[in-house]
Amino acid sequence: MHDTFLRQLTPSQKKAVLHVEGPLLVLAGPGSGKTRVIIYRIAALIDSGIQPYNICAITFTNRAADEMRQRAAALGASGGAHISTFHSLCVRILRRYAAQAKVQSNFSVYDDSDQKRCMKQAIKDCELDSSNFPPGRMLDAISSLKNQLIDADTFKAGVADFFSKILAEIYVRYQKLLSERNGLDFDDLLMKTAFLLRDSGDVCGELGERFKFLLIDEYQDTNHAQYTIARLLVSRHNNICATGDPDQSIYRWRGADVRNILAFENDWPDAKVVRLEENFRSAAAILEKADNLIAYNQKRKEKKLIPTKPYGKDVLVESFEDEVAEARAVAQQVKELSDKGASLSDIAVFYRVNAMSRGLEEAFIRHKIPYQVVRGIEFYRRKEIRDLLAYLKVLVNPDDEIALLRIINTPARGIGKITIDRVHSYAGRCNISVFEGLKKVEHIEALSKGAKAKLSAFADMLDEFKKDIDGPRFHGDRLVPAKAGIAPLAQRVFDESGLAESLRSEGADGQNALENVNELINSITAYDQQAEEPSLLDYIQQISLFSDVDGYDTSSERVALMTLHAAKGLEFENVFIVGVEHGLLPHERSTAGENDDELEEERRLLFVGMTRAKTGLYLSYARYRTIRGQMLRTIPSQFLFESGCDFAESASSCHSRESGNLYHDDNGNDNRSVPYFTVGQLVRHDSFGLGRVKEFIDMGEDSVVIIKFNTGRTKSLMVKYAGLSKMDGL
DNA sequence: CATAGCCGCCTTTTT
DNA sequence: GGCGGCTATG
């Protein structure tokens, strides 16, 4: 290891980097240089004679994996180390050990819309009504079962109550549909891999040999299935290095179990623990507020954020009339920062829900500020992209009925619903896939002559794509990579399927779509050049895992707009967080539960957002916000008070500015209609019971009081609606 | 069989 | 408010 590298590290960082054998837990606060530590650690391992081939680093997103690969390459430590997400790794493992895992190697990876379609079908097949059993809810329930590694048969065997029995039926049926279509959903990738490693000692041993060193980043957000995979992978050598921060756990709703990181030392009793508590990113003022906020979480190990930078600018909290004014103000402030020389690529705006990007985009457009919404799925969700990918999917996996039905009449080629139904039901009767049905149209009596011809022409076209291309072909159960790469094939399919033509005839929209397809083909070209073993199969299986932050281009001179969740792992000079309002952050859906777990996760979410900022942090809320077409009065988030940000003043000044001193006349006399509360006041609420006032925000009639109730819950309430009675102190 | 228009459903966060 | 699915019409 070069001294020049090591000299850049603190003593704790050095300990983590130079630790070689055995389990290591790196508890790394925000901005502690964790990513750098991981990369240097990979370099140090290689330096100490370990083959890059034997190193596997797991990141949370594909974007993070890309970045890590690049930075490792810059250190000269890239060659051969496997760096990817859990899901990507599982795809490769399942493909390689398909037989042992009891899957077919050319499986389709089903994304959420495919899943939904399958689920609807499953509910229908069970002769249930999807309004009583909403597909989304059922998928959530099944997803969490899979994350717990409970498969359909096991679940079915163990259920007693009415609802669970039905869920079990649906689960079984859903899995059957997936397997008929040779599809795996995201959770299957993890579950099947965990089962494979658990049940096949040989495979587990082989992979343990291959990955002698396992590094897992964002360990606080691993779920039980991922945890099991990790445990099994390192069971022979225990060379596991987990890095993470319990305070940044924000994916509980997706099955992430923060106990994985909390129990690391129990799981690996000889673990060495390194704490990285110094923060090299943010000004002390920002850390102080973030620290204040996170300290409100009860279920938490005490931890300090140690600043290394000067105090800097105070965190700015502003309130606005509505979301339009808020967005305009953000745009204006961005403009000012930019005029002072700030780089747009170093500015970000975070919000709680994707729907909030719209208003911000409009403001940025009006102010002519370049921006990018970091939400890569958008691209792969586009119709034209999905259409072309569906063709490629069918070429890889003919049993992928969803993809096949998508393209059978796209572009329109005169194959209507009735024709499709006839083929579909014929295939069902003969117990063959729809694709096989296409080959036997002559046997389907119900079809007209014209329909038969059209179906045959379609099937021939697919065959032609398959045959004429230079691979990929199945040799046994292995797909041989296309010699010429995937891009030319994609181009050919696009041209000859009629997709290109139909877009060209559509005018402006079609033009746009054509450009998108070009972009897709460019990205396939890039894939062809950099993939380890490019094949259509690999491409199609990996592409389904790409999403969200993955498409984020850090180098372009544009302001980044993203959700707080997507902000994880990033940093910016200036950060705006909008909509810091009760009901939005914390989100209303997370304040309904019986305990504070979800509220605490919302608090961590804001904590993550705040700690992305290096020098400037701007929090804001709107007094009115239009939600689902309805203009609603909002309440500032309790988190604003908890963070100790100075803002009550801005709230009331803003208020009096626009409403002309309704509540206080110029002499400061009080003509208010709602009572004052002082901190510490004991109060009673009709449904929440006794509690103590933690904060009071004077906004006249719209004053808000934050109360910690004896039940342990903290709520912020509008005084005028809350019906609080003051109790005498005890 | 294709298309346009309407109705009703969902709506947090995402690999 | 937005999308998917259904229906009525050409």
Side-chain angles (χ1 to χ4, degrees), chain A residues 58-65 84-91 109-113 115-117 120 124 129-131 134-137 139-140 143 146-147 184-191 193 218 221-223 225-226 249-256 350-359 374-378 380-381 383 409-421 448 450-451 454 502 541-550 562-568 579 583-592 598 601-602 604-606 608-609 625-631:
Chain A
I58 294 176
T59 56
F60 194 72
T61 61
N62 284 300
R63 201 201 60 81
S84 74
T85 62
F86 260 112
H87 286 84
S88 283
L89 178 66
C90 289
V91 162
V109 177
Y110 271 21
D111 67 18
D112 48 357
S113 77
Q115 284 179 45
K116 205 157 199 176
R117 194 157 299 191
K120 281 181 180 165
K124 212 183 209 172
D129 187 351
S130 66
S131 56
R137 290 261 163 283
L139 281 170
D140 278 351
S143 168
K146 287 181 178 176
N147 288 333
L184 300 179
D185 67 19
F186 286 138
D187 302 307
D188 283 334
L189 296 175
L190 300 175
M191 183 170 75
T193 304
E218 309 286 7
D221 280 322
T222 49
N223 63 32
Q226 292 166 325
S249 161
I250 53 175
Y251 283 91
R252 209 180 75 98
W253 51 273
R254 208 176 79 184
F350 303 153
Y351 36 81
R352 179 62 178 81
V353 296
N354 284 309
M356 290 170 71
S357 70
R358 178 168 296 251
V374 180
R375 195 174 17 160
I377 335 172
E378 281 285 279
Y380 292 103
R381 281 238 171 113
K383 185 182 177 305
N409 196 34
T410 308
R413 50 173 71 87
I415 301 174
K417 190 178 176 310
I418 293 178
T419 305
I420 293 170
D421 281 348
S448 70
K454 286 170 186 163
S502 87
Q541 288 180 340
Q542 295 291 333
I543 202 70
S544 308
L545 303 172
F546 271 47
S547 65
D548 189 48
V549 244
D550 300 340
M562 68 185 87
T563 64
L564 285 157
H565 282 90
K568 169 161 153 166
L584 209 47
L585 185 65
H587 196 274
E588 57 183 348
R589 302 269 290 239
S590 60
T591 53
E598 289 175 276
E601 177 142 314
E602 296 284 308
R604 290 193 291 270
L605 192 53
L606 180 56
V608 167
R625 185 172 297 273
T626 309
I627 295 169
R628 295 194 276 273
Q630 281 232 306
M631 171 95 105

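In what follows, every heavy atom counts, from backbone to side chain, and hydrogens, waters and symmetry copies are set aside. Labels below follow one simple rule: chain letters A, B, ... track the order of the sequence lines, proteins then strands, and each chain is numbered from 1.
Nearest to the side chain of A:Pro134, among B:dT15, B:dC10, B:dT14, sits B:dC10. Closest contact between the side chain of A:Ile418 and the listed nucleotides B:dT15, B:dC1, C:dG2 involves B:dC1. Residue A:Thr419 places its side chain closer to B:dC1 than to any other of B:dT15, C:dG5, B:dC1. The listed nucleotides are C:dG5, B:dT11, B:dT13; the one nearest the side chain of A:Arg589 is B:dT11. Here C:dG5 is the nucleotide among B:dT14, C:dG5, B:dT15 with the atom lying nearest to any side-chain atom of A:Arg117. Set against B:dA2, B:dT15, B:dC1, the side chain of A:Asn409 has B:dA2 as its closest nucleotide.
When each of A:Asp221, A:Thr61, A:Thr563 is paired with A:Lys568, the side-chain contact (heavy atoms from CB on, under 4.5 Å) condition holds for A:Asp221 and for no other.
Atom NZ in A:Lys568 sits roughly 10 Å away from atom P in B:dT15 (whole-Å rounding). Straight-line distance from the CG atom of A:Leu139 to the C1' atom of B:dT13: 16 Å, rounded to whole Å. Put simply, CZ on A:Arg358 is 9 Å from C1' on C:dG1, counting in whole angstrom units. Spacing between atom CZ of A:Arg63 and atom P of B:dT14 amounts to 14 Å, rounded to whole angstrom units. Computed from coordinates, the A:Arg254 CZ to B:dT15 P distance equals 6 Å when rounded to whole Å. Rounded to an integer number of Å, the gap from A:Asp140 CG to B:dT13 P is 12 Å. To the nearest angstrom, C1' of B:dT14 lies 12 Å from CD of A:Glu601. Whole-Å rounding puts the A:Glu602 CD to B:dT13 C1' distance at 8 Å.
Within the 4.0 Å cut-off from OP1 or OP2 of C:dG1, not a single side-chain nitrogen or oxygen of A:Thr626 is found. Note on A:Asn354: a side-chain N or O is less than 4.0 Å away from OP1 or OP2 of B:dT13. Phosphate proximity of B:dT15 to A:Ser544: absent, as no side-chain N or O sits under 4.0 Å from OP1 or OP2.
The shortest non-hydrogen separation linking A:Ala64 to A:Thr59 is CB-CB, 3.9 Å. A:Lys454 and A:Arg413 get closest at one heavy-atom pair: CD-O, 3.6 Å.
Along DNA chain B, the nucleotide nearest to A:Pro135 and the one nearest to A:Phe186 differ in position, and the one closer to the 5' end is contacted by A:Pro135. Along DNA chain B, the nucleotide nearest A:Arg413 and the nucleotide nearest A:Trp253 are compared for position; the residue whose nucleotide lies closer to the 5' end is A:Arg413.
In this structure, A:Lys146 NZ and A:Leu190 CG are separated by 10.5 Å, a value rounded to the nearest 0.5 Å.
Comparing the P positions of B:dT13 and C:dG4 gives a spacing of 16 Å, expressed to the nearest Å.
For A:Trp253 and A:His587, the ring centers sit 6.0 Å or farther from each other.
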